[in-house]
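One structure below.
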Amino acid sequence: MPMQFVKYHVRDKYLKTDRLPHIWCPGCGIGSILNAFLLGLEKANIDPDKLLVVSGIGCTGRVAGYLNMDTFHTTHGRAIPFAIGLKIARPDMHVVVFSGDGDLVTIGGNHFIHAARRNNDLLVILVNNLNYGMTGGQVGATTPHNAITTTTPYGNIEDDFNIPFLAAAAGAVYVARWTSLHVRRLAWSIAEAFHRKGFRLIEVISQCPTTFGRRNKMPNGLDMLKWFRDNTIVKHNADLRETRIELNRKIVIGKFIDIKDKPTFEEQAYGLVEKVRGVKRGE
Amino acid sequence: MINNQKQKTQTIQVKRRGIVYLVKDRCKGCGFCIEFCPMGVLKPSKDFNAQGYHYPILVEEPPNKVCIACGFCTVICPEFAIYAEPMEEEKK
């Protein structure tokens, strides 16, 4: 049977289709990750009316503008504080923070580790494209050692953040890392994380061919996906001291931490109010 | 890796299970669906779409090189352009 040319897509019910095609470059991975997120949402059987998506500034921050549900595009680095407020005001809703590495672990790094420490009930999807993509490819806190960027033309002399280790050390209950090639495992992981309670982090390593790949001998998105295919190793429950991203070593991906039944901040806060006042919330 | 997959398709009997749909003018020609299709049934077109990119087209060679509706192109497409769905008789 030949290919059928149509005007709609199966995921169009979740999207503001009048804004498509989106702003992301050809070969960018954020679209694939958004697609996997919507598949995970479908697999987890979550009602989109019970979902709040918060994103910060950056290329990934644009996600909030394309989803046809309750979304908010916050100020730079403040996606997690906004989401904490939403979750405390509406504990019946699922709150998802969908943002980039520059937003969540660089400018918003302190909010990130303190939300993990307090075990706020959030699902954080962190799209790590290894540099500051939107502003032109400058070196960031997640750029691997020796990588070439606009501001490090002879190689980066700094070490990068080991994000799964950071989150696990701060107290996150679910930590996983995938790439934008492993979309099926990512969708499965998102579906699983929707049914956990507490601070859940899914780091997704994405390609930025326009600013990062072009300077590191991977000029288009396909080259970067082939790099992910050949240079990743799936290792569940891996030793998190070994998960730093290095250009000449295999990237460890998989599900690293999965702790059940750790009390969340919201549960404890409402429990305390109940104990002190002797009445339930809303009565 | 890709060679192994091609050998597999030659030895295992496969059945056509899916139909591929495309929203032509959304495609930006990244080529992910073409490269990572496990059956290798997609290839870039010679025509351009409204944005000036070469969109994928379906080249099936029955009995072994056919769409099996695995849905990987549906998930990996960053532009929400291509999707594969099982045929009506497969849904039952």
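Every chain is numbered from 1 and lettered A, B, ... according to where its sequence line falls, protein lines coming before strand lines.
Looking at Ile82(B), the atoms closer than 4.5 Å to chain A (heavy atoms on both sides) sit in the backbone and in the side chain alike. For a residue to count as touching a neighbouring chain, one of its non-hydrogen atoms must lie under 4.5 Å from one of that chain's; by this rule Ala84(B) does not touch chain A. There is no contact between Leu186(A) and chain B, counting heavy-atom distances below 4.5 Å. In this structure, the portion of Glu60(B) lying under 4.5 Å from any heavy atom of chain A is its side chain and not its backbone. For Leu181(A), the parts lying near chain B are the backbone and the side chain together; criterion is any non-hydrogen pair under 4.5 Å. Contacts between Ile19(B) and chain A at a heavy-atom distance below 4.5 Å involve the side chain alone, from C-beta outward. For Leu20(A), the part sitting under 4.5 Å from any heavy atom of chain B is the side chain, from C-beta outward, and nothing else. Heavy atoms closer than 4.5 Å to chain A are found in both the backbone and the side chain of Phe72(B).
To the nearest 0.5 Å, atoms OH (Tyr83(B)) and CZ (Arg11(A)) are separated by 11.0 Å. Atoms OG and CZ, on Ser180(A) and Phe32(B) in that order, are 7.0 Å from each other to the nearest 0.5 Å. Once rounded to the nearest 0.5 Å, the distance linking CG of Leu222(A) with CD1 of Ile34(B) reads 8.5 Å. To the nearest 0.5 Å, atoms CZ (Arg26(B)) and NE2 (His9(A)) are separated by 7.5 Å.
Salt bridge Asp25(B)/Lys7(A): absent, no basic N to carboxylate O contact under 4.0 Å.
Nearest approach of Phe5(A) to Lys24(B), heavy atoms of both residues: CE2-CD, 3.8 Å. Residues Gly27(A) and Cys30(B) share a closest heavy-atom pair of N-CB, 3.7 Å.
At distances below 3.5 Å, not a single donor-acceptor pair connects side-chain atoms of Asn35(A) with backbone N or O atoms of Phe80(B). Side-chain atoms of Lys28(B) never come within 3.5 Å of backbone atoms of Pro21(A) as a donor-acceptor pair (strictly under, hydrogens ignored). Between the side chain of His22(A) and the backbone N or O of Pro78(B), at least one donor-acceptor pair lies under 3.5 Å.
Taking chain A as the reference chain and counting heavy-atom pairs below 4.5 Å, the highest number among Leu22(B), Leu58(B), Ile57(B) is found for Leu22(B). No other option in Asn220(A), Ile33(A), Val183(A) has as many heavy-atom pairs under 4.5 Å with chain B as Val183(A).
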Full working for side-chain contact (heavy atoms from CB on, under 4.5 Å) between Trp24(A) and Glu79(B): CA-CA 9 Å; Trp24(A) 299 313; Glu79(B) 311 296 329; 5.9 Å; no

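Within a 6.0 Å sphere centred on NZ of Lys43(B), heavy atoms belonging to other residues, nucleotides or ligands number 12 at most. Enclosure of atom CZ in Arg185(A) is not indicated, since only 12 or fewer non-hydrogen atoms of other residues, nucleotides or ligands lie within 6.0 angstrom.
Residues Gln4(A) and Val20(B) are not in side-chain contact: their nearest non-hydrogen atoms beyond the backbone lie 4.5 Å or more apart. By the 4.5 Å heavy-atom criterion applied to side chains, Thr74(B) and Leu39(A) are not counted as neighbours.
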